[in-house]
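Scroll down for the structure; my scribbles are underneath it.
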Amino acid sequence: MALNYIWSGFFLVGFLAAVLQWLFLGDTDIFKRIIDGTFETARMGVMDIALPLAGVMTLWLGIMNIGEKAGIVGWLAKVIAPFFSRIFPEIPKDHPATGHMVMNFSANLLGLDNAATPFGLKAMESLQTLNPNKEEATNAQIMFLVLHTSGLTLIPLAIMAQRSILGAADPSDIFIPCMIATYVATVVGIITVSIKQRINLLNRVVLGWMGGMTSAIVAMIWYFTQYLTKQEIELVSKVVSNLVLISVIAIFIIGALRKKVNVYDAFIEGAKGGIQTSITVIPYLVGMLVAISVIRNAGVFNFLMSGMNWFFANLGINTDFVPALPTAMMKPLSGSGSKAMMIDAMNTYGVDSFVGRLACVFQGSADTTFYIVALYFGSVGIRKTRYAITAGLIADLAGVITAVFVAYVFFH
């Protein structure tokens, strides 16, 4: 029901904004921009997202099946089972969904979007086998989705690469702020969903895991800042991310060969679902992306920026952060859109300006909530998302607020 109102609202608000600009500002091209945007976005949703996704899905679902046959995915599930059993109490012990979620979160941590998506869709498919009402999201599916949309990433490699391309003096200076913002978003997401689902987080296992993860992140930040140069941070990030990915493939294959599994047949068996999954999500993707395109091309963001600038100025709050807000506002809606906003902010205000850096931190503080909801829930036919979007947006907001505070501390 939430998606019904949100999707309809995007079109109606965009239409109203366009009519007002036509009547009061004399903008006679506004309707053409919106319609051209819908055609282009519909094309992009199929040609630039769904079809490339089919290839990536085919590869990684095949690799995932090899890992399952080798027993490695199941082993990973057992390792993290004590923690997951607390925050996913509905998932039975040793269920394959746990291993799939671990693979998804691991790929996200390393900023490996291409690998994270197939793992995530496989995890959602596994969780759907436990769903008694196939059209309504379960508690476990909502927790998984919110954790995913909070976008916990240790190494924002793509953002650092973009800063380097634009000539930043220190492309990796947003590394620590991004990590802090995305970690806060993730923790807030867990707490929000846990309160709604009445999950007790105040137990030794959860506190131990959360404390351990926090300590590991702090230790990594300390090591990177104390012992590595900026260039070495970029190099380590790039090497480690891709080394881990190829190592996963090699370990899965070696493990399967040791168990005398026909590796190629296992790959083909798993890969067969890649194209079908991509075809299934096309209507959900196109529907959501086109709605987002309408509200963007209708100029709604420009009105919001003007209103926010007036609001914060009248409260006596420093408004230096406001020009970077379009990136934060676009991020829950569209990853490519927010990337474009980030690049525009760096080009307009300077790659090493406060606004340019803050836009990068916004980009790295969370993931694309509406896109992920459409993609992941759409892949298994879920129509009733319950409070998943609300919880995801709360986590996003926490990441945005943290990004602003951290950016003022680091860059202002």
Side-chain angles (χ1 to χ4, degrees), residues 73 75-91 93-95 97-112 116 119-120 123 139-140 142-156 174-228 233 236-237 240-241 244 361 364-367 391-392 394-403 405-406 409-410:
V73 173
W75 176 81
L76 287 171
K78 290 180 180 179
V79 170
I80 203 168
F83 176 61
F84 269 27
S85 66
R86 267 69 175 186
I87 64 172
F88 294 99
E90 296 177 351
I91 300 178
K93 184 179 180 181
D94 297 332
H95 193 275
T98 302
H100 298 154
M101 287 190 291
V102 171
M103 295 300 297
N104 171 257
F105 294 143
S106 299
N108 265 333
L109 285 172
L110 295 168
L112 304 172
F119 291 149
N139 286 348
I142 292 173
M143 176 65 86
F144 168 65
L145 192 90
V146 172
L147 285 177
H148 187 59
T149 60
S150 64
L152 181 59
T153 303
L154 296 181
I155 305 171
I174 49 85
F175 167 67
I176 294 176
C178 280
M179 186 181 296
I180 294 172
T182 188
Y183 185 67
V184 170
T186 300
V187 172
V188 169
I190 292 175
I191 293 172
T192 301
V193 177
S194 296
I195 291 173
K196 183 68 176 179
Q197 297 181 3
R198 297 182 179 179
I199 296 173
N200 178 24
L201 297 178
L202 300 177
N203 63 75
R204 287 185 299 175
V205 174
V206 174
L207 293 176
W209 273 84
M210 294 293 289
M213 288 188 287
T214 302
S215 300
I217 290 174
V218 170
M220 189 176 75
I221 292 173
W222 177 79
Y223 176 77
F224 273 38
T225 55
Q226 296 297 316
Y227 292 98
L228 298 181
I233 290 175
V236 168
S237 299
V240 169
S241 297
V244 168
V361 181
S365 66
D367 214 326
I394 290 173
D396 291 344
L397 179 60
V400 168
I401 293 173
T402 303
F405 279 102
V406 171
V409 171
F410 278 79

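The structure displayed is predicted, hence computed values, not measured ones.
- Closest approach of V361 and A403 over heavy atoms only: CG1-CB, 3.6 Å.
- Between I142 and Q197, the closest side-chain pair of non-hydrogen atoms falls below 4.5 Å.
- The ring-ring contact (aromatic ring centres under 6.0 Å, His included) analysis of residues 187-208, with sequence neighbours excluded, yields no pairs.
- For H100, the ring pair (Phe, Tyr, Trp, His ring centres under 6.0 Å) test picks out no residue, with sequence neighbours left out.
- Across every non-hydrogen atom of T402 and A181, the tightest pair is CG2-CA, 3.8 Å.
- Between F105 and F144, the gap from one ring centroid to the other is short of 6.0 Å.
- Closest approach of F88 to M101, counting heavy atoms only: CZ-SD, 3.8 Å.
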Give the table of side-chain donor-acceptor pairs shorter than 3.5 Å for residues 216-223, with sequence neighbours excluded, one pair per line with atom names and distance.
none

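- Every residue two or more places apart in sequence or in another chain that forms a ring pair (Phe, Tyr, Trp, His ring centres under 6.0 Å) with F83 is listed here: W209.
- Applying the side chain to side chain contact (heavy atoms under 4.5 Å, CB included) criterion to I401, with sequence neighbours excluded, gives L397, F405.
- Among pairs with a residue in residues 185-204, none fulfils ring-ring contact (aromatic ring centres under 6.0 Å, His included), at least two apart in sequence or across chains.
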For the pair V102 and V79, evaluate side-chain contact (heavy atoms from CB on, under 4.5 Å) and give the outcome as yes or no after the intermediate values. CA-CA 10 Å; V102 171; V79 170; over 6 Å; no
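- Scored by the ring pair (Phe, Tyr, Trp, His ring centres under 6.0 Å) test, F410 finds no partners at all (sequence neighbours excluded).
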Listing, residues 185-195 side-chain donor-acceptor contacts under 3.5 Å, not counting sequence neighbours, or none:
from: T186; atom 1: OG1; to: S150; atom 2: OG; distance (Å): 3.0
from: T186; atom 1: OG1; to: T182; atom 2: O; distance (Å): 3.0
from: T192; atom 1: OG1; to: V188; atom 2: O; distance (Å): 2.7
from: S194; atom 1: OG; to: I190; atom 2: O; distance (Å): 2.7

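- Listed here is the closest heavy atom pair of G392 and V146: N-CG2, 4.0 Å.
- Closest approach of V206 to N203, counting heavy atoms only: N-OD1, 3.0 Å.
- Identified under the side chain to side chain donor-acceptor pair (under 3.5 Å) test for residues 81-91, with sequence neighbours left out: E90-N139.
- From M143, atom CE reaches atom CD1 of I91 across 10.0 Å, with rounding to the nearest 0.5 Å.
- T214 pairs by the side chain to side chain donor-acceptor pair (under 3.5 Å) definition with Y183, not counting sequence neighbours.
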